[in-house]
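To keep things clear, I will list the structure first and then write my remarks on it.
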Amino acid sequence: RGYSGKSCEVTPKWSELHIRETGTGESLFSVEYKNITLSFGGTDNMYLVFTCKNNDESVTLMTKEFEEASMLINKIAGAAFKESLDDLFKSRKKRSKVKWTVLATVLLIFLLLLMGLKMLVKPAASKVVDAIPVSVETEIGKNGGLQVLNNNMICSDAELVSAVSNIGSRLVGVMDTTPYKWQLKILDVDDINAFALPGGYVFVNRGLIEASDSPEEVAAVLAHEFTHVIKRHGLKNVVVNVGLKVLVHLIMGGGEYTEQLIADNISMFASMSFSREQETEADIGGVKLLEKANIDPVNLELFMKKLKAKESSASKMLTFISTHPASGDRMDEIDKLIKNTPKVKYEKFDLNWEDLKKRCSPEKVSTFD
């Protein structure tokens with residue numbers, strides 16, 4: 001009675017309307033149609049309101065189901081109200097159409113604005129990254145690396161770890177001076193992938209080692225990943241990603257944001273796709289690094305082509321292809337780059353690779369050296 005907020009069931013009789021409480025079936029009210037008046041209520045007249053009076057009692061019914069109430073409307077309402085109802089239906093449909101048109105326009109403007117902001121954020125990201133001290137970069141990478149260790153087992157087989165460490169050390173040994181203390185771990189993960197976090201934290205999946213035909217192919221992948229770190233590509237991508245999030249929060253009226261945004265985005269490194277420009281830069285740097293380490297850079301091309309060929313039929317996920325897409329143009333660029341490098345007698349690793357790549361000995365590790 002009045003506005004109690006109860007849900008009710010309405011049963012039309014021959015000359016009256018009977019109202020029961022939903023669930024309990026308790027009879028609440030009966031009223032003759034002649035004692036019911038109709039009106040509209042709520043925001044934008046979204047409700048059809050039945051005001052039912054019987055002597056001193058009154059019950060108000062409200063519903064959004066105009067069409068379902070049509071029989072009652074025919075019994076209760078006069079011609080004038082039915083005309084008003086028709087006008088209301090027309091105006092509601094018109095407002096709905098306008099509403100969705102406005103919403104679609106706002107969304108389109110918002111998307112265009114984001115595209116423009118992204119174009120502005122990318123060049124700004126380089127300046128932001130340049131201003132980030134190596135100590136902060138290293139801390140970001142370390143925190144991300146600890147998350148990776150926390151979520152995965154690592155291969156601890158002494159001979160495999162020693163072999164991969166020697167591959168990495170040979171590359172690091174010929175680098176120009178870098179501020180990084182390189183950390184290299186083998187993850188006990190099937191996916192064919194390798195990735196590097198800011199500050200020199202590099203991870204190679206067991207799946208990638210198993211898919212390689214030689215230690216030189218693993219060296220080629222590491223040289224590529226090392227270059228991503230040296231060029232600070234991952235850090236730039238996170239700054240762009242976080243920067244866009246901040247801008248979206250601002251546009252949508254969001255609140256404060258902190259360094260936690262960067263921490264929340266650390267997990268994206270393992271599945272991060274680099275731009276073509278970044279991949280080309282890593283290819284060039286990787287080839288140069290392999291040359292300096294006296295390792296045949298053709299192994300980078302061989303490994304990428306092999307994975308590309310396996311991509312459609314492989315049973316294992318070729319994550320390396322998805323995060324480092326080997327487009328035809330890029331493969332051609334790698335080929336030209338290698339053909340233009342001086343031909344020398346390269347030094348191969350003296351390792352029993354077919355035996356080593358079958359080893360792992362999974363172990364849980366929670367810290368770096």
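Note that the structure is predicted; figures quoted are calculated from it, not measured.
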**Complete:** Residue pairs meeting salt bridge (charged side-chain N to carboxylate O under 4.0 Å, His left out), one or both in residues 149-166, sequence neighbours left out, come to Asp157-Arg359, Glu159-Arg359
**Asked** Side chains of Thr60 and Phe50: does their closest heavy-atom pair fall under 4.5 Å?
**Response** no
**Prompt:** Above 12 or not: heavy atoms from other molecules or residues under 6.0 Å from NZ of Lys53?
**Reply:** no
**Request:** Spell out, as yes or no, whether a donor-acceptor pair under 3.5 Å connects the side chain of Lys185 to the backbone of Val365.
**Result:** no
**Request:** Name the orientation class of the two ring planes belonging to His233 and His228 (parallel below 30°, tilted from 30 to 60°, perpendicular beyond 60°).
**Result:** perpendicular
**Verify same cluster id: Leu356, Val164 (apolar side-chain graph, 4.5 Å)** = yes
**Sequence neighbours excluded, every pair satisfying ring-ring contact (aromatic ring centres under 6.0 Å, His included) that has a member inside residues 130-172** = none
**Prompt:** Are there more than 12 heavy atoms of other residues, nucleotides or ligands under 6.0 Å from atom NZ of Lys292?
**Reply:** yes
**Asked** Do you know the tightest heavy-atom contact between Asn166 and Phe349?
**Response** O-CE2, 4.4 Å
**Fill in**
Shortest non-hydrogen pair, Ala196 vs Val202, comes out as CB-CG2, 4.0 Å
**Request:** Could you check if a side-chain atom of Val174 sits within less than 4.5 angstrom of a side-chain atom of Leu289, using non-hydrogen atoms only?
**Result:** yes
**Complete:** For Gly145 and Leu197, the nearest pair of non-hydrogen atoms, with its separation, is N-CD1, 3.1 Å
**Request:** Verify the distance criterion only: is there a donor paired with an acceptor across the side chains of Tyr346 and Glu216 at less than 3.5 Å?
**Result:** no
**Request:** Looking only at non-hydrogen atoms, find the nearest pair between Asp188 and Cys360 and report the distance.
**Result:** OD1-SG, 3.6 Å
**Request:** Determine whether Asn193 and Phe203 make a side-chain contact, defined as any pair of heavy atoms from C-beta on separated by less than 4.5 Å.
**Result:** no
**Request:** Could you tell me whether a side-chain N or O of Asn299 sits under 3.5 Å from a main-chain N or O of Asp296, the two making a donor and an acceptor?
**Result:** yes
**Prompt:** In chain order, what residues pass the ring-ring contact (aromatic ring centres under 6.0 Å, His included) check against Phe368, with sequence neighbours excluded?
**Reply:** Tyr201
**Fill in**
Shortest non-hydrogen pair, Pro297 vs Val287, comes out as CB-CG1, 3.9 Å
**Prompt:** Between OG of Ser165 and CD of Gln183, what distance do you get to the nearest 0.5 Å?
**Reply:** 10.0 Å
**Prompt:** Do you know which of Val298, Leu208, Val218 makes side-chain contact (heavy atoms from CB on, under 4.5 Å) with Phe303?
**Reply:** Leu208
**Request:** Report yes or no: do Met153 and Leu146 belong to one cluster of Ile/Leu/Val/Met/Phe/Trp/Tyr joined by side chain heavy-atom distances under 4.5 Å?
**Result:** no
**Complete:** Thr227 meets the side chain to side chain donor-acceptor pair (under 3.5 Å) criterion, sequence neighbours left out, with none
**Message:** Within the 4.5 Å heavy-atom criterion, are Glu32 and Asn35 side-chain neighbours or not?
**Reply:** yes
**Asked** Would you say Val204 and Leu184 make side-chain contact, with heavy atoms under 4.5 Å?
**Response** yes
**Fill in**
Of all heavy-atom pairs linking Leu61 and Cys8, the shortest is CD2-SG, 3.7 Å
**Prompt:** When you check the gap from the basic side-chain N to the acidic O, do Lys305 and Glu301 get nearer than 4.0 Å?
**Reply:** yes
**Side-chain donor-acceptor contact under 3.5 Å, Trp353 with Ser212** = yes
**Asked** Between the side chains of Ser156 and Glu363, does any donor sit under 3.5 Å from an acceptor?
**Response** yes
**Message:** Check this for me: Asp350, atom CG, are more than 12 non-hydrogen atoms of other residues, nucleotides or ligands nearer than 6.0 Å?
**Reply:** no
**Item:** Side-chain touch Leu149/Ile154, heavy atoms, less than 4.5 angstrom
**Value:** yes
**Message:** One thing to verify: whether Glu210 and Arg206 come together as a salt bridge, which I'm taking to mean a side-chain N less than 4.0 angstrom from a carboxylate O.
**Reply:** yes
**Asked** So which pairs with a foot in residues 138-174 pass ring-ring contact (aromatic ring centres under 6.0 Å, His included), sequence neighbours left out?
**Response** none
I'd like a table of donor-acceptor pairs (distance under 3.5 Å, sequence neighbours excluded) in which one partner is a side-chain atom from residues 131-140, with atom names and distances.
from, atom 1, to, atom 2, distance (Å)
Glu137, OE1, Tyr180, OH, 3.2
Glu137, OE1, Arg232, NE, 3.0
Glu137, OE1, Arg232, NH2, 2.9
Glu137, OE2, Tyr180, OH, 3.2
Thr138, OG1, Val134, O, 2.8

**Asked** Side chain of Asn205, backbone of Asp191: donor and acceptor closer than 3.5 Å?
**Response** yes
**Prompt:** Can you tell if the side chain of Glu333 reaches within under 4.5 Å of the side chain of Thr280, non-hydrogen atoms only?
**Reply:** yes
